[in-house]
Amino acid sequence: MKIATFNINGIKARIEALLAWLDAARPDVVLLQEIKSVDEGFPREVFEERGYFVETHGQKGFNGVAILSRLPLEDVERGLPGDDADAQARWIEATVVGKVAVRLVALYLPNGNPAPGPKFDYKLAWMARMKARVADLLAEEVPLVLGGDYNVIPAPIDAARPEAWVEDALFRPESRAAFRAIVNLGLTEAIRTRDPRPGLYTFWDYQGAAWQKNDGIRIDHLLLGPQAADLLSDAGIDKAVRDGDKPSDHVPVWIELEA
DNA sequence: ATGACCAATGGAATTGGA
């Protein structure tokens, strides 16, 4: 089962680029972030025509997550628990049943800039809520895949110019510590089990010719529960997508599970 | 000043991204 995560930066603006990648990469499951659309505005038919089931959790203008799957999705849950006042659409869960059942999460972790400030406080509070939810999901002891835009640069080797990010919410010690605390619940970071080398990036800003200079950062991650980690056979980053027509500023990250 | 961007909203300029 091939599972990918992709921050598409707007479903309406990205439909052609997304379909071109879908037809080439042929993932079984896609975890989407930043659909920037309400549920009713999501062009679900073009994906259904290609054999995907579609579950969305959108909002007007910003954020929004979705799951595409060739196999039916069950037990869909929308929203990150822990704060009934939080209306931002950044979290959706579903179960897909292949050879075994896999619990999926598509997440769009808050950016948090500027830091310090209320947006940074929201980011850290959101990560604390995520840690609590992940602990509950791990207690289920079923294969678990958490994919998304984490808006966290885990380590200096995950940025072309780490010195440029030291004051940024994506790289501040508090953000990295909160990310480590979630991983340390017992998750495996898929890309790093396959390739420990520096120079792996998933985001290049539109500004400053960042792509042309390979001035990237690695902030899109696939974290696996122990039962899913045991099924991992491959992982990669579809870097070439950044060179396509009207690209997102992020590229897809994928895993292959024996599931 | 990523001195040089992009998407959505709404119908110009602002907000948010990272």
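Just so it is clear, the values below take in all heavy atoms, side chains as well, and ignore hydrogens, waters and symmetry mates.
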Checklist line | Results of side chain to side chain contact (heavy atoms under 4.5 Å, CB included) for A/R78 - residues two or more places apart only | finding: A/E55, A/H57, A/V76, A/I92
Item checked: P spacing across the pair B/dC6 / B/dT2, given as an integer number of angstrom -> 16 Å
Item checked: A/R90 NZ/CZ over A/Y108 ring centroid, <6.0 Å and within 45° of normal -> yes
Notebook entry, point to check: Which value, in whole Å, describes the distance between the C1' atoms of nucleotides B/dA7 and B/dA12?
Noted result: 16 Å
Notebook entry, point to check: On a whole-Å scale, what distance lies between the C1' atoms belonging to B/dT15 and B/dG11?
Noted result: 16 Å
Check: In whole angstroms, how far is the P atom of B/dA7 from the CG atom of A/D249?
Finding: 9 Å
Note to self: Within residues 152-180 of chain A, which residues have any heavy atom lying less than 4.0 Å from an atom of DNA chain B?
What the structure shows: A/L170
Margin query: Check the phosphate of B/dA18 against A/Y108, side-chain N and O only, distance under 4.0 Å to OP1 or OP2. Yes or no?
Written below: yes
Item checked: B/dA18 phosphate, OP1 or OP2, under 4.0 Å from A/N7 side-chain N/O -> yes
Notebook entry, point to check: Base, backbone or nothing for each nucleotide of nucleotides 8-15 of chain B, written B, S, -, heavy atoms under 4.0 angstrom, 5' to 3'?
Noted result: SSS-----
Check: How many Å lie between CD1 on A/I8 and C1' on B/dC6, as a whole number?
Finding: 14 Å
Check: Do any side-chain nitrogens or oxygens of A/H250 fall under 4.0 Å of OP1 or OP2 in B/dA18?
Finding: yes
Note to self: Between P on B/dA18 and CZ on A/F120, what's the gap in Å once rounded to a whole number?
What the structure shows: 15 Å
Notebook entry, point to check: Mind checking the P distance from B/dG10 to B/dC5? Whole angstroms is fine.
Noted result: 24 Å
Next item on the list: Look at all strands and tell whether A/K246 reaches a base, only sugar-phosphate, or nothing, counting heavy atoms closer than 4.0 Å.
Entry: sugar-phosphate
Next item on the list: Apply ring-ring contact (aromatic ring centres under 6.0 Å, His included) to A/Y52 and list each qualifying residue two or more places apart in sequence or on a separate chain.
Entry: none
Next item on the list: Could you list the residues that satisfy ring-ring contact (aromatic ring centres under 6.0 Å, His included) with A/F53, not counting sequence neighbours?
Entry: none
Next item on the list: Consider only side-chain N and O atoms of A/T56 and A/D39, and report whether a donor and an acceptor are under 3.5 Å apart.
Entry: yes
Expected list for residues 175-182 of chain A: side-chain donor-acceptor pairs under 3.5 angstrom, two or more places apart:
unit_1	atom_1	unit_2	atom_2	d
A/S175	OG	A/A169	O	2.6
A/R176	NE	A/P154	O	3.1

Note to self: What is the distance, to the nearest angstrom, from the CZ atom on A/R242 to the P atom on B/dC5?
What the structure shows: 13 Å
Notebook entry, point to check: In whole angstrom, what separates A/D205's CG from B/dA7's C1'?
Noted result: 13 Å
Item checked: Same-atom distance (P) from B/dA13 to B/dA18, integer angstrom -> 26 Å
Note to self: So A/N63, base contact, sugar-phosphate only, or nothing? Heavy-atom distance under 4.0 Å.
What the structure shows: nothing
Margin query: What is the separation between atom CZ on A/F203 and atom C1' on B/dC5, rounded to the nearest whole Å?
Written below: 10 Å
Check: Among all residues two or more places apart in sequence or in another chain, which pass the side chain to side chain contact (heavy atoms under 4.5 Å, CB included) test with A/V166?
Finding: A/F171
Margin query: Judged by each residue's nearest nucleotide on DNA chain B, which is more toward the 5′ side, A/Q207 or A/P247?
Written below: A/Q207
Item checked: Set of salt bridge (charged side-chain N to carboxylate O under 4.0 Å, His left out) partners for A/R14, sequence neighbours left out -> none
Next item on the list: Round to a whole Å and report the spacing from CD of A/Q212 to P of B/dA4.
Entry: 16 Å
Check: Between A/D243 and A/W211, do the side chains contain an N or O donor and an N or O acceptor separated by less than 3.5 Å?
Finding: yes
Check: Does A/A235 have any side chain to side chain contact (heavy atoms under 4.5 Å, CB included) partners at least two apart in sequence or in another chain, and if so, which?
Finding: A/A190, A/I191, A/R194, A/I255
Next item on the list: Mind calculating the distance between NZ (A/K213) and C1' (B/dC5) to the nearest angstrom?
Entry: 13 Å
